[in-house]
Amino acid sequence: MDDRVRPLCCCEYFDGNNERSHILLCCCNCVDLDEGFESLITGQGFPDRNRSRLMATIQDRLRIPWRGGAKQVAFDAILPVIILPTMFLLAAISLWWTVFSFTAVAVILVSVFKFFIRTIPRTKFFIVWTVTSIIILYIIFEFLVIPLLEILVEENIFLTILFAGFLLCFYLMKIRNNTLGKIGESEAESGYVGSYNRCSICQVVVPEKDHHCVWFDCCVGRHNQCLFVLALFFAIASLLYSSNLTLTSVCHPFIVYKSILLPDDCSDVYQQFELGLSFVAAIYSLGLAAFLLMLFLHQILLVSLGLTSKEWRNLSFCAKCFLGLCSKRPHSLGFVKNWSRIMCSNKTYSNIAYSH
Amino acid sequence: MSLVKNVNRSMTTKCILIVCSVIALIAIYWPARHARHYDYIDLADVYDELLFVHVKTNKPNLKYCDYEDVIVNNSDVDVEEVVEQRRFYRPKNGGEYIPRTCNPLLKVAVIVPYRNRSQQLDVFLNYMHNFLQKQLIVYRIFVVNQTDNLPFNRAKMLNYGAKVAMDMDFPCLILHDVDLLPLNSGNIYSCSKKPRHMSSSLDTFRFNLPYLTLFGGAVAISSEHFQGINGMSNQFYGWGGEDDDFYRRLEIHSLLPYRFTPIISKYTMLFHKKEKASPSRYAMLEKSVALHRMDGLSSLPANYSVKSEKLYTLVMAS
């Protein structure tokens, strides 16, 4: 059977020279690497031509198995899948490792945030970070903390309901963003009052765009802001609850009020690796919850004031200290109307959607 | 034609996905993977379960002690206060106390297996004397010290303590770990119609019960029942599982234990070490349970000595 006609297995692909190749051959036969090292060893340095061709080959060969042929993954998208598990495994060794691991990763995140936003605006790094975090935290909770036999079924189910609420809001938010397309432009044509911004990352016109959230890879505007706020609320609630359950199981708990427990002594937590890993996951959840809480409060403030993120950024520092109450807010309709606008906007939105 | 095939294929993949996720959900939320809910005796019914005995005293004219009051008017102790110094009446030599303000109807032997944990023992004695005296029961604390260098054999030490206590005519045995302290004053230390697992609401387990057949920590069993099952096995050196063997022996004799309401069954563990609760330890148990008539109180070697200390009776055994 002709080579070209035979269907690709999940690990095979057509490389840059349109030849059939396999994932297992990723480390074999790289001409540019050989030439480059030869000239390096003979003292002539690594030539730029070989360097650029080497980077291209690496990007071409970096693939994951997929049905119908191996798919290329961008390096920036694969990075969180390497960083996060390494961070957790290192942090579970001892307290100093935890501190070191988390600070190192925080530094990496901040520098990556500044770097990628400028160079690769449409990067998938952050959404992959979010998804990987969710998967790791869920696996650690269900397969390391639950087998300690200290959590009741109802507590697990309640946590799952909060988590499912978050997933639902997240999913609906992305759906609304995807169906935005022509609807935003038609609204702009019909002269609807409000600002219209084009998002360079989403490539659509967003009515009253608040900001583009990289962590959810989604634009937040009037059409899905209430879902965004709800998603943040569910995320914070489930992170706080799961970290409470984990910490009271892994550390020594005490009763605060009736059946509310809090941990009070975590000194033995690094004696066993599973306990250390669960503890580290709980600390990460708390940090994540703190970050999301800031976003949540910021969103509540902006919606109450009727400002968008861009308008808030343009305010002076003094105006921000007064929480923007004294500044001009051209698009604000008052506290109550601001909130009802984002909550009831889905009705007008879906009417327009159906009329098309 | 191929369109219909494609639609069918996507329908089957959807079905398979749904079935797989339902199976995964059932596997993840299976109740046995979590802490269990258990049947227990409510607070109002606890008094009726107690086994009262006639206690010989010097003052038979006193009114009987009111245990219903002790149980119903219970109060919790804060965990931080557990290590504080407490005041209690000095017990007789050997750690025995008889209430003086009323005529007691309960007589228990508190048996504590022990080796090389003097700090925990001090806290235990200080707390338990004060705690038990408030319950208006006759009690005596037996500390059974393992003197050899083999791994700690908790069950064998409990057998020795039980033997000494039964020789001293105690109808009720409380088998108690030295690092467990009761947190509620209504937790009456006495025997009941069936053996009782006292420490069902332990703080290191988030006050939940990890698995239904857990039977370690603090147990109340009458001397009659303990004698009937030939005590505990003497074979469990170091390795856990002696409490599961104990449970199996009770099961064979149709004496399955029960628990009282978690309101009064709260305990704290001193110097909390975290150990993973592993309910699947039945490999060695099959063999040991079959031989239980030959392994236990009846096969206990006679090398032990009894000495009366100020706050407890010391049994040195190996």
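Computation of the quantities below employed the complete heavy-atom set of this structure, encompassing side-chain atoms and omitting hydrogens, waters and symmetry-equivalent molecules. So that the names make sense, note that chain A is the first sequence line, chain B the second, and so on, each numbered from 1. Fair warning: this is a prediction, and the values are worked out from it, not measured in the lab.
Surrounding CG of D42(B) are more than 12 heavy atoms belonging to other residues, nucleotides or ligands, all under 6.0 Å away. Residue Y171(A) places its OH atom among 12 or fewer non-hydrogen atoms of other residues, nucleotides or ligands, all under 6.0 Å distant. At most 12 non-hydrogen atoms from other residues, nucleotides or ligands lie less than 6.0 angstrom from CH2 of W30(B). The environment of NZ in K266(B) is crowded: more than 12 heavy-atom neighbours from other residues, nucleotides or ligands sit within 6.0 Å. More than 12 heavy atoms of other shown residues, nucleotides or ligands fall within 6.0 angstrom of atom CZ in F234(A). Counting non-hydrogen atoms of neighbouring residues, nucleotides and ligands closer than 6.0 angstrom, the OH atom of Y237(B) exceeds 12 such neighbours.
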Quiz item: Can H34(B) and L149(A) be said to form a side-chain contact (heavy atoms from CB on, under 4.5 Å), step by step?
Solution: CA-CA 5 Å; H34(B) 305 77; L149(A) 299 177; over 6 Å; no
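Looking at F143(A) and R33(B), their side chains come closer than 4.5 Å, going by heavy atoms from C-beta outward. At least one side-chain heavy atom of F207(B) sits under 4.5 Å from a side-chain heavy atom of L261(A).
Top candidate by heavy-atom pairs under 4.5 Å with chain A, chosen from D76(B), I28(B), V79(B), is I28(B). Of all the listed residues (I151(A), V269(A), I255(A), L245(A)), the one sharing the greatest number of non-hydrogen pairs under 4.5 Å with chain B is I151(A).
Rounded to the nearest 0.5 angstrom, R206(B) CZ and C251(A) SG are separated by 11.5 Å. In this structure, CG on D265(A) lies 11.5 Å from OG1 on T204(B), to the nearest 0.5 angstrom.
Contact detail for E150(A) and A35(B): the closest heavy-atom pair is C-CB, 3.7 Å.
Heavy-atom proximity under 4.5 angstrom to chain B picks out L152(A), V153(A), E154(A), E155(A), N156(A), I157(A), T160(A) from residues 152-169 of chain A.
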